[in-house]
Amino acid sequence: MADYDFQSIEKKWQQYWRENEVYRVQIDSSRPKYYVLDMFPYPSGAGLHVGHPLGYIASDIVSRYKRLKGFNVLHPMGFDSFGLPAEQYAIQTGQHPAITTAQNIKRYKEQLSNLGFSFDWSREVQTSSPDFYRWTQWIFMQLFESWFNQATQKAEPIVSLTKHFEQDGNSSVQAACDEETPGFTAEQWRNFSEAEQQKILLNYRLTYLADTVVNWCPGLGTVLANDEVKDGFSERGGYPVERKKMKQWMMRITAYADRLLEGLETIDWTDSLKEMQRNWIGRSTGCELDFKVQDSEITLTAFTTRVDTIFGVTYITLAPEHELISKLTTADQQEKVSAYVETAVNRSERDRMTDVKTVSGVFTGSYAINPLSGELVPIWVADYVLAGYGTGVVMGVPSSDDRDYRFAQHFDLPIVHVIEETETLDDPTEKKHGTMVNSGFLDGMDSQDAIPAATQRAEELGLGKAKVNFRMRDAVFSRQRYWGEPVPVYFKDDIPHLLPEDELPLELPPVDEYKPTESGEPPLGRASDWKYRDEHSYELTTMPGWAGSSWYHFRYMDSQNDEEFVSEEAQKYWESVDLYIGGTEHATGHLLYSRFWTKFLYDRNYVSVDEPYKKLINQGMIQGQSSIVYRVKGKNEFVSAGLIDNYDVTPIHVDVSLVTNDVLDTERFQQWREDLRYVTFVLEDGKYICGSEVEKMSKRLFNIVNPDDVVEQYGADTLRLYEMFLGPLEQSKPWNTNGIDGVFKFLRKLWRLFHDGSGNFTVSEETPTPEELKILHKTIKKAQEDIESYSFNTTVSSFMICVNELTSLKCKKRTILTNLAIIISPFAPHISEELWHLLGHESSVTSAEFPTYNDEYLVENTHEYPISINGKVRTKLNFAMDASKETIETVALKDETVQKWLDGKSPKRVIVVPKRIVNIVV
RNA sequence: GCGGAUGUGGCGAAAUUGGUAGACGCACUAGACUUAGGAUCUAGCGCCGCAAGGCAUGGGGGUUCGAGUCCCUCCAUCCGCACCA
């Protein structure tokens with residue numbers, strides 16, 4: 001073998017690892033466990049791009065490192081294989097999504113195996129496989145059979161609730177339930193019909209059916225969860241989303257709002273991610289106040305976080321969707337109000353969001369009584385009040401809330417200042433806190449103290465109560481789609497019933513087409529003869545994409561188990577994920593839902609942990625470097641980037657593979673697409689220069705770089721090292737190969753350390769010198785510390801330094817090189833394995849241990865001190881390590897260079913910081 | 001608007017508790033070996049300056065013997081949320 005032949009080395013070892021199943025793990029209570037997980041990919045048709053492996057490489061490094069450190073490492077991989085793209089493709093082509101999905105998975109696995117990851121493929125999961133979704137359905141059933149006890153803050157079996165109802169009705173139960181659940185006694189409960197009882201229980205179950213306003217996406221023909229909607233458009237596909245009232249399966253995640261918040265304190269995630277979840281949950285403490293409507297039986301309840309400003313209320317506003325509007329509207333306002341409500345309600349979500357500055361509203365003609373001041377205030381309707389938050393009723397305090405202020409100014413409503421000095425401000429809402437004025441019994445108090453005081457008074461009067469509100473809503477669980485888990489429910493007399501457990505999985509039935517039925521039912525409505533016991537119709541919606549990913553981290557622990565979703569033994573051994581690596585885009589979706597399901601499974605004693613992921617790292621996104629060509633408008637002519645100022649051009653994305661260093665390969669460009677065959681070019685310096693743009697890597701922008709191509713050219717080890725060397729893991733960066741040669745050179749130098757000039761493997765058996773030992777142990781120490789703090793880019797640097805130093809010492813000593821091969825192996829497993837093999841060992845995966853460094857070799861005899869005068873370094877002096885401060889000071893002051901800089905002046909002070917610096921202050 | 005983060009050479013980036021700013025790599029320059037190569041090795045490489053030296057971590061101010069690091073303030077970029085009462 002002449003030189004570093006990465007292609008045959010990588011192929012050889014990948015095959016060896018696969019055939020010998022070296023990465024297979026078993027429960028082994030004699031060793032500590034470590035669980036490293038990647039967010040599993042959705043197998044898209046575009047295949048992997050160079051951005052995908054970034055996180056996988058990092059997790060693989062940690063896995064291999066931990067394994068070398070003696071841990072029993074669980075490092076699995078699988079596929080989140082239900083999803084919209086496969087179904088969209090099925091709609092267009094009629095091909096079953098399972099076929100497309102299987103093809104894509106095959107491609108993904110090939111691409112992944114080219115990179116030498118240490119996944120235990122025997123534990124692979126696919127969320128679309130019946131063996132897997134059987135348990136997703138099973139967990140759904142457990143949620144259906146549970147309610148949330150606010151008193152204990154835990155989910156309990158539904159039977160404990162019915163028992164309670166039988167004995168005491170529902171008045172003494174503190175349960176998470178629907179707002180409009182009526183009260184009943186034990187006797188009433190017993191007299192309810194079965195159907196009535198079931199209907200009531202639905203108000204309590206953790207998964208339940210409800211009529212709610214949902215995000216309906218006509219373009220996708222389905223409902224979407226809040227986190228799947230961005231700015232009024234669907235996250236996938238970018239179709240417009242409208243509000244629609246529909247009967248849907250829901251998950252009562254709001255029951256867990258407090259637990260989800262508290263749990264954040266116990267896990268090691270970044271502050272920004274925790275903050276995102278906190279904002280999403282949006283807990284706010286405040287007070288509900290009852291405003292009686294004048295000359296009416298109606299009472300309007302408003303939620304506020306600022307009860308202290310109650311005396312500043314000059315009007316009340318309702319959301320346009322509020323159901324009492326018609327009853328509150330007086331005859332003379334009737335026309336105006338219904339016109340306003342009509343337009344406001346029909347306004348698309350998108351409009352309402354973009355247009356937040358326009359103030360609009362209408363007076364109902366009615367008045368309400370301020371519960372604390374007794375004053376009469378007008379009742380308005382305005383679209384800045386959201387039906388979905390709080391009670392849909394807002395008390396308007398123009399002097400301390402800027403929306404209320406804008407509203408009052410626009411409609412010329414009175415403004416009453418209740419905080420001292422706000423009346424002098426141009427915008428009174430700038431001052432949020434201070435001493436209360438014009439506020440009756442609150443006068444003179446600080447606003448912070450006035451909040452509890454006002455709450456207390458309202459409670460005494462029976463006109464209000466302290467209340468905690470959440471921004472987070474219950475999650476919609478139904479999708480009007482084919483390619484998802486069927487909901488294991490059938491309907492008998494309109495009442496949902498669960499399938500018996502032993503009849504799971506309820507598999508997806510074949511359908512003739514993947515579109516909704518003519519009557520507008522979901523695709524499953526097309527399945528013929530798909531009925532429970534041939535008579536009861538099944539639920540026709542399927543589960544959302546996040547269902548399977550909410551619990552898959554448990555399935556890996558015991559993926560072949562067909563008795564349970566995970567055995568107690570496996571779960572207790574592997575516990576939970578020690579390190580989870582993935583993108584930040586799942587902050588308020590997957591990462592919240594899987595925390596919710598884990599807490600639920602914990603409550604019901606199915607697992608022993610209540611947080612799924614102990615430590616989470618968000619790897620940055622690798623962006624694409626798009627290339628752009630400029631077409632002259634109306635012509636078949638393209639202009640080089642430097643000349644576009646002289647033309648009227650349309651920029652067009654061009655495939656990056658046709659471009660080298662911004663220069664377009666014009667011939668291949670002409671062959672790229674049929675319509676480009678006869679185009680002409682305006683060149684500069686004989687070349688066509690493309691523009692470039694850093695954007696998300698996407699098929700649509702033709703900027704995808706396939707890792708296979710990089711592996712082909714440089715090898716997997718180089719790609720792995722290079723992606724790590726590119727910069728900190730968490731940081732986003734554009735992909736470029738500018739520095740990849742440096743990394744490749746490093747591997748070649750490493751190879752040459754083990755070989756002589758003509759490429760024959762040579763190591764010497766000589767004893768290493770202290771200098772060589774120092775280089776090695778310094779590198780071991782650095783690598784260990786850096787890997788443990790996930791600073792992989794600096795680890796690579798220290799490997800480079802180490803190899804350079806050993807090369808210049810011409811060190812070929814076995815003991816040094818053996819250790820070197822091991823510490824590099826987590827990053828570059830193939831070359832290390834080959835070298836380890838050449839050194840006479842079997843596989844490093846099973847036989848090697850990460851070396852420990854020895855401080856003795858790192859000890860220095862002397863230390864070089866920078867000597868600074870007034871903070872500026874002027875010279876350096878060597879001192880023995882154990883030199884006393886006095887000695888250092890004395891010697892330094894006598895030094896010739898120091899004398900020169902002191903220029904006859906005597907020093908005021910000398911600061912000697914051991915092993916750091918000597919600073920002389922003049 | 002609110003919340004989070006970031007800002008260091010031509011470029012990607014390093015820098016334990018405040019203690020030699022720019023490690024490592026790319027690019028670049030010069031040289032060596034070579035029947036030219038996108039190979040390898042050696043040296044140089046923040047800016048100004050022949051040098052001595054001076055100036056440099058987004059701008060301004062502060063604390064300190066000493067600040068990339070701590071405090072205040074302003075600016076720029078990125079991300080998340082956004083009429084949440």
Side-chain angles (χ1 to χ4, degrees), chain A residues 3 230-231 270-280 282-284 286-287 302-306 309 317 319 352-359 382-386 388-397 400-404 406-407 469-473 584-585 587-588 618 620-621 721-722 725-728 730-734 736-746 748-749 752 757 785 789 791 793-802 804 807-808 864-876 907-922:
Chain A
D3 209 346
K230 295 262 139 60
D231 296 328
T270 60
D271 288 336
S272 73
L273 201 90
K274 288 185 184 180
E275 202 53 34
M276 270 192 232
Q277 292 211 340
R278 282 191 200 106
N279 288 341
W280 185 262
R283 186 183 204 269
S284 57
C287 181
F303 174 75
T304 179
T305 55
R306 294 297 305 270
T309 63
T317 332
R352 236 168 123 166
M353 265 194 268
T354 44
D355 181 27
V356 291
K357 281 177 210 86
T358 317
V359 178
D383 70 355
Y384 80 86
V385 181
L386 303 175
Y389 183 78
T391 58
V393 180
V394 167
M395 61 180 219
V397 187
S400 63
D401 182 283
D402 64 313
R403 291 154 312 190
D404 297 348
R406 265 189 283 142
F407 191 80
N469 239 317
F470 293 96
R471 207 175 70 98
M472 181 170 67
R473 313 255 55 93
T584 180
E585 67 271 19
T588 51
N618 289 122
M621 218 192 326
L721 279 162
Y722 183 59
F725 186 68
L726 224 39
E730 293 92 336
Q731 203 168 296
S732 286
K733 49 229 158 190
N736 69 67
T737 49
N738 289 347
I740 201 166
D741 285 325
V743 172
F744 184 70
K745 266 187 234 171
F746 155 72
R748 197 154 48 193
K749 273 187 204 165
R752 285 180 185 164
E785 287 170 356
S789 59
S791 176
N793 54 333
T794 53
T795 322
V796 179
S797 293
S798 67
F799 291 155
M800 290 179 172
I801 295 168
C802 178
N804 283 342
T807 304
S808 61
E864 189 183 59
Y865 280 80
I867 315 295
S868 71
I869 293 161
N870 287 340
K872 226 161 197 88
V873 175
R874 295 303 179 185
T875 186
K876 290 165 192 172
K908 275 189 203 139
R909 219 173 130 185
V910 180
I911 296 133
V912 179
V913 186
K915 288 178 77 179
R916 291 282 180 203
I917 200 164
V918 179
N919 192 19
I920 301 163
V921 187
V922 188

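Convention: sequence-line order gives letters A, B, ...; per-chain numbering from 1.
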To the closest 0.5 Å, what do you measure between [atom1] ([X]) and [atom2] ([Y])?
X         : Y         : atom1 : atom2 : answer
Arg278(A) : Leu273(A) : CZ    : CG    : 10.0 Å
Leu726(A) : Asn736(A) : CG    : CG    : 6.5 Å
Phe746(A) : Asp741(A) : CZ    : CG    : 15.0 Å

Check [X] against [Y] and note the closest heavy-atom contact, atom names and distance.
X         : Y         : result
Leu386(A) : Ala319(A) : C-CB, 3.9 Å
Phe407(A) : Val359(A) : CD1-CG1, 3.6 Å
Ala587(A) : Gln277(A) : O-NE2, 2.8 Å
Lys908(A) : Val922(A) : NZ-O, 3.7 Å
Pro728(A) : Asn793(A) : N-ND2, 3.7 Å
Phe470(A) : Tyr389(A) : O-CE1, 3.6 Å

Figure out the [atom1]/[atom2] separation between [X] and [N], and round it to whole Å.
X         : N       : atom1 : atom2 : result
Phe799(A) : rA23(B) : CZ    : C1'   : 16 Å
Met800(A) : rG12(B) : CE    : P     : 17 Å
Lys733(A) : rC11(B) : NZ    : P     : 18 Å
Phe470(A) : rC81(B) : CZ    : P     : 20 Å
Asp402(A) : rA82(B) : CG    : P     : 17 Å
Trp280(A) : rC2(B)  : CH2   : C1'   : 16 Å
Asp401(A) : rC2(B)  : CG    : C1'   : 14 Å
Asn736(A) : rG12(B) : CG    : P     : 9 Å

Interatomic distance at [atom1], [N] relative to [M], whole Å:
N       : M       : atom1 : value
rA15(B) : rU69(B) : P     : 15 Å
rG80(B) : rG60(B) : P     : 32 Å
rA13(B) : rG3(B)  : P     : 28 Å
rG54(B) : rG31(B) : P     : 33 Å
rG53(B) : rU6(B)  : C1'   : 35 Å
rG25(B) : rC75(B) : C1'   : 32 Å
rG44(B) : rG68(B) : P     : 26 Å
rG7(B)  : rC41(B) : P     : 34 Å

If you check every side-chain atom of [X], which of [options] has the closest atom?
X         : options                   : result
Ile801(A) : rC81(B), rA85(B), rC24(B) : rC24(B)
Glu864(A) : rG25(B), rU20(B), rG80(B) : rU20(B)
Ile917(A) : rG12(B), rA82(B), rU20(B) : rU20(B)
Asp383(A) : rC24(B), rC83(B), rA14(B) : rC83(B)

Contacts of type ring pair (Phe, Tyr, Trp, His ring centres under 6.0 Å), residue Tyr722(A), not counting sequence neighbours: Trp735(A)
Could you work out, with side chain to side chain donor-acceptor pair (under 3.5 Å) as the rule, every residue matching Arg874(A), not counting sequence neighbours? none
Which is it for rG9(B), anti or syn, if anything within 90° of zero counts as syn? syn
For residues Ser284(A) and Asn469(A), is any side-chain donor paired with an opposing acceptor at under 3.5 Å? no
Taking only N/O atoms, report every protein-nucleotides 3-8 of chain B pair under 3.5 Å with atom names and distance.
none

Using a cut-off of under 3.5 Å, enumerate the N/O to N/O pairs linking the protein to nucleotides 40-42 of chain B.
unit_1: rU40(B); atom_1: OP1; unit_2: Arg748(A); atom_2: NH2; d: 2.8

Checking side-chain contact (heavy atoms from CB on, under 4.5 Å) for the pair Thr584(A)/Met621(A): CA distance, chi angles, key distance, verdict? CA-CA 9 Å; Thr584(A) 180; Met621(A) 218 192 326; over 6 Å; no
For Gln731(A) and rA13(B), is the shortest distance between a side-chain N/O and OP1 or OP2 below 4.0 Å? yes
Reading RNA chain B 5' to 3', what string of ( ), [ ], | and . shows its pairs, if Watson-Crick and G-U wobble pairs count only when both distances fall under 3.5 Å? (((((((..(((......[....))).(((((.......))))).(((....)))..(((((..]....))))))))))))....
Just call it for [X]: base, sugar-phosphate, or nothing, with non-hydrogen atoms closer than 4.0 Å on any strand.
X         : result
Asn804(A) : sugar-phosphate
Asn793(A) : sugar-phosphate
Arg874(A) : sugar-phosphate

Run the side-chain contact (heavy atoms from CB on, under 4.5 Å) check on Glu785(A) and Thr795(A) step by step: do they pass? CA-CA 9 Å; Glu785(A) 287 170 356; Thr795(A) 322; over 6 Å; no
Specify the residue among Ile740(A) and Ser791(A) whose closest nucleotide of RNA chain B lies further upstream toward the 5′ end. Ser791(A)
Using the rule given for side-chain contact (heavy atoms from CB on, under 4.5 Å), can you reason through Tyr384(A) versus Arg406(A), listing the C-alpha separation, both sets of side-chain angles and the distance that settles it, and then say yes or no? CA-CA 11 Å; Tyr384(A) 80 86; Arg406(A) 265 189 283 142; over 6 Å; no
Provide a list of protein-nucleic acid N or O atom pairs under 3.5 angstrom, restricted to nucleotides 63-71 of chain B.
unit_1: rC65(B); atom_1: OP1; unit_2: Arg909(A); atom_2: NH1; d: 3.2
unit_1: rC65(B); atom_1: O2'; unit_2: Asn919(A); atom_2: ND2; d: 3.3
unit_1: rC65(B); atom_1: O2; unit_2: Asn919(A); atom_2: ND2; d: 2.3

Side-chain heavy atoms of Thr309(A) within contact of Met395(A), under 4.5 Å: yes
